[in-house]
Amino acid sequence: MKSLSFSSRDLICGVLFILVGLFFAIQAYGLELGTAFRMGPGYFPLVLAGMLVLLGIVVIIQGTQVEHEPMGPIAWRGILFILPAPIFFGLTVRGLGFVPSLFLTALLAAFASTKMRPGTALLLVGGLTLFSVIVFSYALGLPFRRFGPWLGQ
Amino acid sequence: MDLLSNLILGFATAASPWNLFFCFIGVILGTLIGVLPGIGATATIAMLLPITFQLEPVSSLIMLAGIYYGAQYGGSTTAILINMPGESSSAVTAIDGYQMARKGRAGAALAIAAIGSFFAGTVSTFLVAVFAPPLTAVALKFGSAEYFSLMIVGLVSSIALAHGSVVKALGMVVLGLLLGLVGTDIYTGTPRFNLGILELSDGLNFVALAVGVFGIAEILRNLENEHDRDVMIKKVTNLLPTREDWKEMAAPILRGTAIGSALGILPGGGAILASFASYTVEKRISKTPGEFGKGAIAGVAGPESANNAGAQTSFIPMLTLGIPANPVMALMIGAMIIQGIVPGPNVATEQPALFWGIIASMWIGNLMLILLNLPLIGLWVKLLTIPYYMLFPAIIAFCSIGVYSVNSNVFDLYAVAFFGFIGYGLAKLRCEPAPLLLGFVLGPLLEEHLRRAMIMSRGDPTTFLTRPISLTLLLLAVAVLVVVLLPSIRKKRDEVFVED
């Protein structure tokens, strides 16, 4: 047999399964387990968590047997701009109000692409905000404050 | 006749101006996102789910259904014109459809796809109408043991359909089930796995999870390497197929419809499997298999009929049993729950207008699609020239609005970002999100029925094997699992999915 080598993708995946499984198992163990006849809140999750740990081990073992492919590029720029966008919307939608909050959220997201130019972004996001206000706020009547208290309204 | 009066009720519901309007919106939106690569039906429905809360239950479900089968139509347009599947289910259409387009027969290829889809849509809508009621009657006899076994079949089938490693897909199901259990235990009211976060005591938000794992993660994957799309065909002419085309496409359409309808009903089935199966069959029985890959009409007509038929009949398990066959159906169930409807066999008897209205709307929607799509083809071609970076900011904005509007809770927005990250990470690890979502939806139900079945049997686990329906279902699940794990079939399955 050749020297043992792990596929980094499968190794991460397996370890992740095991860790999540252990987390749920520990939590479930603290709950009332009950019996197979009358299962408590911890019974079924504990069984599932055990399965997940086992599957994690299998994934790691399988990873030693297949050819390894590279992970490919990671969209760091996307992660940096896309993921904060909904969070930003959540933080500001009440304070700033729907209109400015949405505008800034979409603007933030727009810069996740390397191809986006500032002028295009402003135009695009402006149109998008107008469209959203007409559709969601006026037509569908979602109960959002269009401008929030932070703006002195 | 019962069927007739039911269908009349259905058409009366679906043909009300308001519902026609939402059916129209649904199919247009569906075609739109189907045409655009990089936005899937699952993500769109997840995004729009919260907004449908404002609508009548019938209208909202009609619209969501329209998005799903509309996307099947739209996906083929992209596949044929730029050799890139707009939807994963139209991946096979690209093989021969694009070759036809290169020979200057793009118009005919589009027309064949549309005609095949319409025929399949009509037949399978009728099948739904015929088969849903008797299945509902069977489902009413289901006890907890049967439900548990049925859900096992559904989960196992979702593993069979996932690309890549079976073990990882199994892990995703289990992970989904566990995530579904976060919140409060329904029997005892004990809080569990909520990390002390108040917002988690009702469980993780389904919409936030779906939007994050499907919508946000998909955007991140598309941003990995941005490249421009080439639209080779600027103008599509000669839409009408010739007499030879009609002759050549008739049999594949019939076969595709049959294959698609059958595979759609299976839990875990649906459009994707159907189109692959149909392509394989057509290639095998063709007198000129060498034509395949070079613009064979059967290679477009068969799979396109099959994916539409599969998309329609996958509503059967959802409508009759309340069990989702695929992630889109899981979202439809989510939509029902948001509307306060308990999915399952009772929907047909308690809400006949809703039940039959959805079925009738599918046929109306298919009619709209064929009438709209062929004349509007120029517009769809133009849409393809919009670069991706112009689209995703809108998707992010709509996702944020949608998720927030479910229950005006900002915590759900943080959950979207979290699950977007998780979803992207899992995609990088070659773990499929579909089994996870299915597990998440079924988790609480599975536990509930397991516990109830065990109480009924006084703690005897053989109850799942001594009840005939339950035993049959479990054997089916075992059979599916064995088939998936058999080395020879696994190899075949890899080959089929490689073309994706």
Side-chain angles (χ1 to χ4, degrees), chain A residues 9 12-13 16-17 20 24 27-28 31-32 35-42 44-45 48-49 51-52 55-56 58-59 62 71-75 77-79 82-87 89-91 93-94 102 105-107 109-110 112-116 121 124-125 128 132 136 140-143, chain B residues 51 54 165 167-168 170-171 174-175 177-178 181 185 187-188 190 192-193 216 219-226 387-390 392-394 396-401 403-405 408 410-414 416-417 420-421 424-426 428-431 446-447 450-451 454-455 458-461:
Chain A
R9 174 183 280 144
I12 298 172
C13 180
L16 196 76
F17 280 4
V20 175
F24 274 96
Q27 293 265 313
L31 298 164
E32 191 201 332
T35 59
F37 176 18
R38 283 186 196 285
M39 294 182 192
F44 188 55
L48 288 177
M51 280 173 70
L52 195 59
L55 289 169
V58 176
V59 167
Q62 276 193 340
M71 288 279 262
I74 292 177
R77 194 183 166 102
I79 292 175
I82 298 281
L83 294 181
I87 297 176
F89 187 71
L91 290 173
V93 65
R94 293 210 179 124
L102 185 75
T105 302
L107 198 63
S113 169
T114 45
K115 298 190 173 176
M116 185 64 87
L124 177 73
V125 171
L128 177 66
S132 305
F136 296 106
L140 283 171
L142 297 186
Chain B
I51 293 157
Q54 318 288 325
S165 158
V167 184
K168 283 184 186 173
L170 201 56
V174 176
L175 184 61
L177 290 169
L178 280 169
L181 299 179
D185 174 41
Y187 277 83
T188 57
T190 317
R192 51 180 177 176
F193 315 122
I216 307 282
I219 294 176
L220 290 174
R221 288 182 69 183
N222 286 324
L223 285 174
E224 273 174 9
N225 39 27
E226 297 181 68
Y388 188 69
Y389 69 84
M390 302 283 277
F392 74 85
I396 298 283
F398 297 154
C399 284
S400 304
I401 299 170
V403 170
Y404 179 61
S405 66
S408 296
V410 291
F411 180 81
D412 294 342
L413 288 163
Y414 309 148
V416 167
F421 182 70
Y424 181 64
L426 289 173
K428 283 264 120 189
L429 298 173
R430 290 280 153 83
C431 291
L446 196 66
E447 187 192 27
L450 172 67
R451 284 162 88 171
M454 290 304 274
I455 289 173
R458 313 208 132 261
D460 178 12

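All heavy atoms count here, side chains included; hydrogens, waters and symmetry mates do not. Letters A, B, ... are given to chains in the order of the sequence lines, protein chains preceding strands, and every chain is numbered from 1.
- B:I455 touches chain A through backbone and side chain together, each having a heavy atom under 4.5 Å away.
- Between B:N222 atom CG and A:I82 atom CD1 the span is 10.0 Å, to the nearest 0.5 Å.
- Both the backbone and the side chain of A:I87 come within contact range of chain B, with heavy atoms under 4.5 Å apart.
- Contacts of B:Y187 with chain A are absent, with no heavy-atom separation under 4.5 Å from either backbone or side chain.
- Heavy-atom distances place both the backbone and the side chain of A:F24 under 4.5 Å from chain B.
- Looking only at heavy-atom pairs under 4.5 Å with chain A, the residue among B:L181, B:L178, B:V167, B:I396 that has the most is B:L178.
- When side chains are defined from C-beta on, B:P393 counts as touching A:L124, because their heavy atoms get closer than 4.5 Å.
- For B:F421, there are no ring-ring contact (aromatic ring centres under 6.0 Å, His included) partners two or more places apart in sequence or in a different chain.
- Atom CZ of residue A:R9 and atom NZ of residue B:K428 lie 7.0 Å apart, to the nearest 0.5 angstrom.
- Proximity to chain A (any heavy atom under 4.5 Å) is shown, for B:I401, by both the backbone and the side chain.
- A:L128 touches chain B through its side chain: at least one heavy atom from C-beta onward sits under 4.5 Å away, while N, CA, C and O do not.
- Put simply, CG on B:D185 and CD on A:E32 are 9.0 Å apart, with the number rounded to the nearest 0.5 Å.
- With a 4.5 Å cut-off on non-hydrogen atoms, A:F17 touches chain B through its side chain but not through its backbone.
- Interface check for chain A: of the options B:L170, B:I216, B:V416, the most heavy-atom pairs under 4.5 Å are formed by B:L170.
- In this structure, no portion of B:F411 lies under 4.5 Å from any heavy atom of chain A.
- Per-residue heavy-atom pair counts under 4.5 Å with chain B were compared for A:A109, A:G78, A:P86, and the maximum is reached by A:P86.
- Side-chain contact between A:I74 and B:Y424 is present, with at least one heavy-atom pair separated by less than 4.5 Å.
- Interface remark: A:L102 contributes side-chain atoms only to the contact with chain B (heavy atom separation under 4.5 Å).
- Heavy atoms only, all atoms of each residue included: A:A112 and B:L223 are closest at CB-CD1, 3.7 Å.
- The nearest pair of heavy atoms linking B:E447 to A:P41 is OE2-O, 4.2 Å.
- The two residues B:F193 and A:P45 come nearest to each other via the heavy atoms CZ-CB, 3.4 Å.
- Between chain B and the options A:I12, A:V93, A:V58, heavy-atom pairs under 4.5 Å are most frequent for A:V93.
- Residues A:F44 and B:L446 meet the side-chain proximity criterion, which asks for heavy atoms closer than 4.5 Å.
- Residues A:S132 and B:F398 are in side-chain contact: their nearest non-hydrogen atoms beyond the backbone lie under 4.5 Å apart.
- Atoms CG and OG1, from A:L31 and B:T188 in turn, are 8.0 Å apart once rounded to the nearest 0.5 Å.
- To the nearest 0.5 Å, atoms CG (A:L48) and CG (B:L177) are separated by 5.5 Å.
- Neither the backbone nor the side chain of A:A121 comes within less than 4.5 Å of any heavy atom of chain B.
- To the nearest 0.5 Å, atoms CZ (B:R458) and CZ (A:R38) are separated by 7.5 Å.
- Contact annotation for A:L16: only side-chain heavy atoms (C-beta onward) come within less than 4.5 Å of a heavy atom of chain B.
- Heavy atoms only, all atoms of each residue included: A:I79 and B:L220 are closest at N-CD2, 3.5 Å.
- The side-chain hydrogen bond (donor to acceptor under 3.5 Å, both in side chains) test applied to B:R221 returns no partner, not counting sequence neighbours.
- Per-residue counts of heavy-atom pairs under 4.5 Å with chain B were compared for A:P73, A:A106, A:A36; the largest is that of A:P73.
- Residue A:R94 touches chain B through its side chain alone, counting heavy-atom pairs closer than 4.5 Å.
- In terms of heavy-atom proximity, B:F392 sits nearest to A:A110 at CZ-O, 3.8 Å.
- Residue with the most contacts toward chain A among B:T190, B:L429, B:V410: B:L429 (heavy-atom pairs, distance under 4.5 Å).
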